Amino acid sequence: MRLGINLGYWGAGMDADNLSVAQEADRLGYDVCWAAEAYGSDAATVLAWVAAQTERIDVGSAIFQIPARQPAMTAMTAATLDSLTKGRFRLGLGVSGPQVSEGWYGVKFDKPLARTREYVEIVRKAMTRERLSYDGAHWTLPLPDGPGKPLKLTVHPEREHIPLYIAAIGPKNLEQTGEIADGALLIFPAAEHLEETALRHIRAGREKAGLTMDGFDVCPTVPLALGEDVTALADMFRPYTALYVGGMGSPKQNFYNQLAQRMGYEKEAAEIQTKYLGGDKTGAAAAVPHSLIDSTTLLGSVERIADGMRAYADAGVTTLTLAPAGFTLDERIAALRAGTEALELAGLA
């Protein structure tokens, strides 16, 4: 099992620290450094900046938002980053959510599966550097009866095939991801539930495409916090978990809430959401079960973290992306180093 690092969103008050964390991850031998975007910093700029100041570590978008860019623009960005980094770029895509898609980008959040499939097909076709034409339900290239003509990408990426990941949560999206992508970006993964909540759906998609799981990268992001008091460490993540389970979307359209329900927290997920959407964020955080946090994070001593890593590896994770927690740079670096120590202790390095 390989290790990755997720810097999250830029502009959260730790910008200089994030670069130091990425550079230390590079020195320690982490496999990939991911950056996210929502409606603040964009991932492409951050990745270019990090890549210019690291040597070996891959850089990846987790994610580029599909409603934010035309697919040909994403192909241009991916090709440019792959060329600039000498083959260190990984392309992660996702549909975002209805609030961001419609509120920030003005793009209707409908038919996300069909849109994702067409988007991936166009990106991959553009990356082959053949003349681009496409006739789909959501994109038509070139537009008919106009001056447009099929064009081809002028940038030469370092590799003919750039690894493509999709952020997936729901069963249908996970199945399609297995069918059309090289990897899945997962969130809130519990090792004991990973087969039922994710892997069986991914495997079904692989089988549909006549493929096995060989070479497919199962890549969840897991917060990591180092310390002796596991309860206190878990409490650090209560607001984070409450935000996603309770506040990301409407009562009928919150993918993270639905995931918590599939892990057996139906009653608790409903309570968290009711309180969060009602303005009681403190109450929502208090309603998050300790077991939900503990099963979706790596908390405690290096030995306890190593046990958690073994469980993820046994469950089928191939790249475990860490989000090292800490209020200072020293704490985050210590957590990062603990990750490599735990991987070695677990016998997974």
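Bear in mind that the values here come from a model prediction, so they are computed numbers and not experimental data.
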Would you check if [X] and [Y] make a side-chain contact, meaning some heavy-atom pair closer than 4.5 Å?
X	Y	result
P220	I187	no
M1	T318	no
T128	E160	no
V218	F216	yes
L298	L320	yes
F89	L47	yes
R159	P157	no
M248	L243	yes

- [ ] Go through the steps for R337 and E24 under the test salt bridge (charged side-chain N to carboxylate O under 4.0 Å, His left out), then give the verdict.
- [x] CA-CA 9 Å; R337 292 171 179 169; E24 180 66 7; 2.9 Å; yes
Taking [X] for the side chain and [Y] for the main chain, is one N or O donor matched with an acceptor at less than 3.5 Å?
X	Y	answer
E130	A126	no
N173	L113	no
E102	F109	yes
S61	G92	yes
E195	A315	no
S101	G97	no
D135	T140	no
E118	H138	yes
E341	V302	no
Q23	Q53	yes

Just checking, R90 and Y165: is the charged tip under 6.0 Å from the six-membered ring centre and within 45° of the axis?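 Output no; distance or angle outside limits.
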Tell me, with the steps shown, if L91 and V123 meet side chain to side chain contact (heavy atoms under 4.5 Å, CB included). CA-CA 10 Å; L91 174 60; V123 168; 3.9 Å; yes
Under a 3.5 Å cutoff, is there a donor and acceptor pairing between the side chains of [X] and [Y]?
X	Y	result
H156	R129	yes
D182	H161	yes
R88	T54	yes
T321	N6	no
D294	S291	no
R2	T319	yes

For [X] and [Y], work out which heavy atoms get closest and say how close.
X	Y	result
T231	H290	CA-CE1, 4.0 Å
S133	K125	O-NZ, 2.7 Å
S96	P67	CB-CG, 4.4 Å
A225	F237	CB-CE1, 4.0 Å
A168	L174	CB-CD2, 3.6 Å
I202	A184	CD1-CB, 3.9 Å

Margin query: side chain to side chain contact (heavy atoms under 4.5 Å, CB included) for L348 and L3? Distances and angles first, verdict last.
Written below: CA-CA 10 Å; L348 300 170; L3 289 183; over 6 Å; no
Are [X] and [Y] joined in one hydrophobic group, where the rule is that I, L, V, M, F, W and Y side chains link up if heavy atoms are under 4.5 Å apart?
X	Y	value
V222	I5	yes
I272	I169	yes
L322	I63	no
Y105	I122	no
I57	L336	yes

When rounded to the nearest 0.5 angstrom, what is the spacing between [atom1] in [X] and [atom2] in [Y]?
X	Y	atom1	atom2	result
R56	D31	CZ	CG	12.0 Å
C219	W34	SG	CH2	5.0 Å
Q70	W139	CD	CH2	7.0 Å
T177	R206	OG1	CZ	10.5 Å
L345	R304	CG	CZ	14.0 Å
Q261	Y256	CD	OH	15.0 Å

If you apply the rule side chain to side chain contact (heavy atoms under 4.5 Å, CB included), what do you find for M213 with L199, and how did you get there? CA-CA 10 Å; M213 292 295 288; L199 291 182; 4.3 Å; yes
So that I can tick it off, tell me whether R203 and E175 are bridged by a salt bridge, with the cut-off set at under 4.0 angstrom between side-chain N and carboxylate O. no
Q.
So that I can tick it off, tell me whether E271 and K275 are bridged by a salt bridge, with the cut-off set at under 4.0 angstrom between side-chain N and carboxylate O.
A. yes
Using the six-membered ring wherever Trp is involved, compare the ring planes of Y240 and F188 and label them parallel, tilted or perpendicular (cut-offs 30° and 60°).
-> tilted
Worked verdict on T297 versus L224 for side chain to side chain contact (heavy atoms under 4.5 Å, CB included):
CA-CA 6 Å; T297 56; L224 181 149; over 6 Å; no
